[in-house]
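Below: the structure, in structure tokens.
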Amino acid sequence: MTLEAAKAKLEKYGQSHVLKYYDELSAQEQAELLEQIDATDMSILAAAMNPDSLPKKGVISPIPCMDLDEIAANEKEYRSIGIDAIKAGKVAAVLLAGGMGTRLGSDNPKGMYNVGITRELYIFECLINNMMDVVNEAGTYFHLFIMTSDKNNDVTINFLKEKNFFGYKEEYIHFFKQEMAAATDYEGKIYLESKSHMATSPNGNGGWFISLMRAGLMDLVRENGIEWFNIFAVDNVCQRIADPVFVGATIAKKCFVGAKVVRKNAPDEKVGVMCLEDGRPSIVEYYELTDELMNAKTEKGEPAYNFGVILNYLFEINELERIVKEELPLHIVEKKIPYLNDNGELVKPEKPNGYKFENLVLDMIHQMSSCLPFEVVREKEFAPIKNPTGVDSVESARELLKKNGVVL
Ligand code: UTP
């Protein structure tokens, strides 16, 4: 992009300050900045000034869930369907590891966090150990795609290589990078993180399938006959991945997506809950849950919106290819964004100081025509590590790991 074209683009979106230090930069830095300006979608930034313009939820109603009793009654059948699918190479896992993990506050990617006490036990290692249970049961490895971002790609790959992928076969592991989005102050002005770079942040976990396609990995997917992607978060150290019973149940029920859910531990627990929205599967985020929905009851007198998602979904790939052209809603999230102050010095804020712009995987559920909410036991499968201490923390995850027999 030429300087003239960059000026015109920035002016159109009220971002001319991005070139403030342009004349001080080396030729290479100038070229990098122009390239970044060219690649950045600035049309989304206007939403920062007008959050009310973001799409609103439709009519919410309860969705039936496959609960633990129903699963137990059919476990043998589901397990056998799931194991057959895994043996046939139809199931792959996708690890979403592009997030910044700002709440945990570690400089390294979250997966490199050591949750061990008397020995080293990294988050990535816990996840791979869980996958190895299935590898051993099915007698075959399954493909693992790992999504990183510009901010953590190299360090993630180097770490996993150095650790020999914790025993997972390297030829089954494939990396791809997600896209980045500009980060702004509360007035929608893009922050600079250096004189030659706009501040950016990974664009949310909702872009994972587009990024996987753009990375050219679909050839490998098709050549290997993969039909299902089990996507999962990096920070839930207890979750079962490519869980044969979950896979088998989703296939048996002929659903395009399966969603692992846990029974909420309180009506106001901070998890998104499964529901129908205008008759299609959907998820209401905890901050969107009105008191009326929180206290609604089914005919049996049970809470109507009682199943929270744990970010472990099984997507059917043809259906993903069908929905990929549809736009996902934008979410604006307050974050701590390091920025250059008026004196050109880098400031690392202690409190949120602006917005990042994200698409979320949970919105993909609403694009699918059918979904199987599949209950799992929270003490066995839900140990997210978001914070150093307190709720959803290293401490609480360690407790659950111990309860599940993992030596720390
Ligand atoms: P979180 O919503 O917990 O976000 O991600 P985060 O960025 O990791 O952590 P905070 O909010 O800054 O503390 C849930 C899952 O989605 C992935 C994360 O890596 C995690 O597995 N994710 C999130 C991405 O892969 N990309 C993103 O842009 C955001």
Side-chain angles (χ1 to χ4, degrees), residues 41 44 93-113 122-124 126-128 130 144-153 155-156 159-160 175-183 199-212 214-215 229-239 241 259-260 270-272 283 285-287 308-313 315 328 330-338 348-365 382-394 396-397:
D41 178 2
I44 60 173
V94 182
L95 167 56
L96 304 177
M100 300 275 279
T102 49
R103 284 169 287 175
L104 187 59
S106 160
D107 285 338
N108 279 329
K110 228 186 220 185
M112 287 172 62
Y113 196 91
Y122 298 94
I123 290 181
F124 281 137
C126 294
L127 300 172
I128 289 179
N130 296 351
L144 169 65
F145 297 86
I146 302 181
M147 182 168 85
T148 62
S149 83
D150 275 347
K151 303 262 179 196
N152 67 13
N153 181 64
V155 54
T156 299
F159 175 76
L160 285 170
F175 293 91
F176 65 101
K177 277 202 257 179
Q178 71 173 100
E179 332 279 302
M180 306 294 285
T200 56
S201 179
N203 69 343
N205 54 28
W208 68 273
F209 185 60
I210 293 180
S211 300
L212 186 148
R214 286 195 184 138
F229 281 136
N230 182 194
I231 67 153
F232 63 103
V234 71
D235 47 30
N236 180 5
V237 282
C238 286
Q239 68 191 313
I241 298 146
K260 284 199 167 184
K270 290 185 173 172
V271 289
I283 291 160
E285 272 289 32
Y286 65 90
Y287 49 80
V309 285
I310 63 168
L311 218 178
N312 187 311
Y313 304 105
F315 283 99
L328 284 169
L330 190 66
H331 293 255
I332 303 180
V333 190
E334 276 194 68
K335 278 277 153 167
K336 296 183 225 168
I337 304 157
K348 287 193 173 174
E350 300 282 315
K351 289 189 305 198
N353 62 330
Y355 296 128
K356 66 176 188 172
F357 299 80
E358 295 193 330
N359 293 130
L360 300 182
V361 67
L362 57 85
D363 289 316
M364 292 171 80
I365 302 301
F382 193 38
I385 298 180
K386 302 287 182 193
N387 308 298
T389 54
V391 178
D392 296 342
S393 67
V394 178
S396 58

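The first residue of the sequence shown is numbered 1, and numbering continues consecutively from there. Just follow the structure's listing: the first ligand is 1, and inside any ligand the first atom is 1. Hydrogens, waters and symmetry mates play no part in the numbers below; they use all other heavy atoms, side chains included.
Shortest contact from atom 21 (O) of ligand 1 to any protein heavy atom: Leu96 O, 2.6 Å. The closest protein non-hydrogen atom to atom 28 (O) of ligand 1 is Gly204 N, 2.8 Å. The protein heavy-atom contact nearest to atom 8 (O) of ligand 1 is Gly101 N, 3.5 Å. Atom 24 (C) of ligand 1 has as its closest protein heavy atom Gly99 N, 3.2 Å. Of the protein's non-hydrogen atoms, the one nearest atom 5 (O) of ligand 1 is Lys386 NZ, 4.2 Å. When hydrogens are left out, the protein atom nearest atom 12 (O) of ligand 1 is Thr102 OG1, 2.5 Å; that is the closest non-hydrogen contact. Considering only non-hydrogen protein atoms, atom 25 (O) of ligand 1 sits nearest to Gly98 N, 2.9 Å. Closest to atom 26 (N) of ligand 1, if we only count protein heavy atoms, is Gln178 OE1, 2.6 Å.
For the pair Ile123 and Met112, the minimum side-chain heavy-atom distance is 4.5 Å or more. Put simply, the side chain of Lys110 reaches to within 4.5 Å of the side chain of Lys386, judged on heavy atoms. Between Leu362 and Glu285, some side-chain heavy-atom pair lies under the 4.5 Å cut-off.
Interface atoms of ligand 1 facing Met147, defined by a heavy-atom separation under 4.0 Å, are 25 (O). Less than 4.0 angstrom separates some heavy atom of Lys335 from each of these atoms of ligand 1: 10 (P), 11 (O), 12 (O).
Looking only at distances, a side-chain donor or acceptor of Asn152 sits under 3.5 Å from a matching main-chain atom of Ala97. Counting only distance, with no hydrogens or angles, the side chain of Gln239 and the backbone of Ala233 share a donor-acceptor pair below 3.5 Å.
Between Thr156 and the options Val234, Thr148, Asn108, a side-chain contact (heavy atoms from CB on, under 4.5 Å) holds for only Thr148. Between Trp208 and the options Phe145, Phe315, Tyr313, a ring-ring contact (aromatic ring centres under 6.0 Å, His included) holds for only Phe315.
For Pro202, heavy-atom contacts with ligand 1 shorter than 4.0 Å involve the backbone as well as the side chain.
Residue Met100 has at least one nitrogen or oxygen atom sitting less than 3.5 Å from a nitrogen or oxygen atom of ligand 1, judged on distance alone. For ligand 1, one of its N or O atoms has an N or O atom of Arg103 under 3.5 Å away. Ligand 1 has no nitrogen or oxygen under 3.5 angstrom from a nitrogen or oxygen of Leu104. The distance criterion of under 3.5 Å between nitrogen or oxygen atoms is not met by Leu311 with respect to ligand 1.
A salt bridge links Glu179 with Arg214: the closest approach of a Lys/Arg side-chain nitrogen to an acidic carboxylate oxygen falls below 4.0 angstrom.
For the residue pair Gln178 / Asn203, a side-chain donor-acceptor distance below 3.5 Å is found, with atom types taken as modelled.
Scanning both residues, Gly390 and Ser393, for their nearest heavy atoms gives O-OG, 2.6 Å.
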